Amino acid sequence: MAEYSFYTNPMSRGQIARWALHEAGADYEQVLVDYGPDQPEAFVKANPMRKFPTLVHHHMSENGGTHDHVVTEAAAICHYLAEMHPGADLLPGAHEKADYFRYFFFAAGPVEQAVITNTMGWSTQDPQKQVMLGFGSYDRLVDTLEQMLTGRDYVCGDRFTMADVYVGSHAIWGIDFDTLPKHDAFITYAERLKKRPAYIEARKIDADLSAESASAPG
Ligand SMILES: N[C@@H](CCC(=O)N[C@@H](CS)C(=O)NCC(=O)O)C(=O)O
């Protein structure tokens with residue numbers, strides 16, 4: 001049995017987790033899950049939210065048996081894999097932790113919410129309402145993200161860490177799907193990350209699966 005069961009759909013945020021699995025060098029089996037009600041029982045049991053990605057870690061105990069840990073949320077999956085595979089050197093060092101956690105959580109909360117609400121066309125210019133929004137306003141969020149990414153190659157400076165898989169996925173998607181403005185800082189960062197062998201490998205798997213399902217009859 002592979003160490004991880006990875007429930008995903010190739011056209012989903014599962015792409016983030018697959019990239020993380022490949023960066024970590026993890027041994028996983030994929031379980032493809034469709035959008036809609038017809039989903040494997042084990043998936044629904046593991047994640048009642050029925051959201052992909054969902055990762056089940058078949059963790060080896062000291063006595064040789066295994067027990068399962070379920071991890072959901074793309075950001076949590078990324079960091080969990082970095083912790084489980086320290087040899088892949090994806091965790092932050094002592095002086096990198098502040099940037100690592102700050103950017104990671106900023107992307108998983110404010111960036112995600114701002115981009116989705118903006119894409120849906122939900123916004124408010126009312127300052128009284130903006131104080132309640134974790135991202136304030138889309139424009140302020142974009143300016144802040146741009147400032148954060150200017151003058152550095154990666155989240156933690158000059159070294160790639162797992163935070164770049166998550167923050168970078170937002171930059172890549174933002175540029176590719178026009179949900180972020182085409183600022184130099186976003187484009188340069190996204191292009192740098194797209195050259196990583198683990199990204200190329202993982203992306204190809206999802207692109208091939210998407211092409212297969214698009215050409216499947218029915
Ligand atoms: N907060 C979750 C969101 C995951 C999510 O919304 N995934 C979408 C695809 S991108 C999904 O599973 N949709 C299926 C559904 O809601 O039925 C994460 O960051 O992993």
Side-chain angles (χ1 to χ4, degrees), residues 4-24 26 28-57 68-85 90 100-122 133-135 138 141 145 155 161-180 190 193-194 198-199 202-214 216:
Y4 299 93
S5 296
F6 170 46
Y7 295 92
T8 191
N9 181 291
M11 285 169 289
S12 78
R13 291 170 176 86
Q15 289 176 29
I16 304 171
R18 193 190 295 279
W19 179 13
L21 283 158
H22 284 250
E23 289 287 355
Y28 71 93
E29 55 141 15
Q30 70 179 8
V31 183
L32 297 179
V33 184
D34 283 333
Y35 285 87
D38 190 16
Q39 294 174 325
E41 209 181 304
F43 166 67
V44 177
K45 189 164 166 237
N47 186 359
M49 281 293 288
R50 296 167 175 251
K51 292 278 186 187
F52 7 92
T54 291
L55 191 71
V56 180
H57 186 186
D68 289 349
H69 296 297
V70 176
V71 194
T72 64
E73 304 307 311
I77 290 171
C78 289
H79 184 70
Y80 183 82
L81 287 167
E83 291 272 4
M84 291 302 115
H85 299 271
L90 297 161
Y100 180 95
F101 287 112
R102 180 184 176 198
Y103 281 62
F104 217 137
F105 281 65
F106 184 64
V111 174
E112 159 94 25
Q113 290 161 16
V115 167
I116 290 290
T117 51
N118 191 58
T119 305
M120 299 281 180
W122 302 330
L133 293 172
F135 59 87
Y138 175 80
L141 179 290
L145 187 62
V155 162
T161 62
M162 190 58 101
D164 293 293
V165 171
Y166 192 77
V167 178
S169 293
H170 279 282
I172 291 170
W173 286 28
I175 293 299
D176 289 355
F177 296 107
D178 280 328
T179 55
L180 283 174
L193 295 175
K194 279 181 171 182
Y199 174 84
R203 187 68 204 97
K204 180 170 175 5
I205 296 172
D206 283 317
D208 289 350
L209 287 166
S210 300
E212 265 170 45
S213 74

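Just follow the structure's listing: the first ligand is 1, and inside any ligand the first atom is 1. It should be emphasised that the depicted structure is a prediction, and the values quoted were computed from it without experimental measurement.
Checking each of Phe6, Tyr35, Tyr7 against Phe52 for a ring-ring contact (aromatic ring centres under 6.0 Å, His included) leaves exactly one that passes, namely Tyr35.
The distance between the ring centers of Tyr166 and Phe105 does not fall below 6.0 angstrom. Taking the six-membered ring where the residue is Trp, the centroids of His170 and Tyr103 are separated by 6.0 Å or more.
Residues in residues 166-176 take part in these salt bridge (charged side-chain N to carboxylate O under 4.0 Å, His left out) pairs, two or more places apart or across chains: Asp176-Lys194.
Protein residues with a heavy atom closer than 4.0 Å to ligand 1 are Ser12, Arg13, Tyr35, Arg50, Lys51, Phe52, Pro53, Glu73, Ala74, listed by chain and number.
A donor atom on one side chain and an acceptor atom on the other are found under 3.5 Å apart for Glu23 and Trp19.
Aromatic ring pairs are classed by plane angle as parallel below 30°, tilted from 30° to 60° and perpendicular above 60°; the pair His57 and Tyr4 is parallel.
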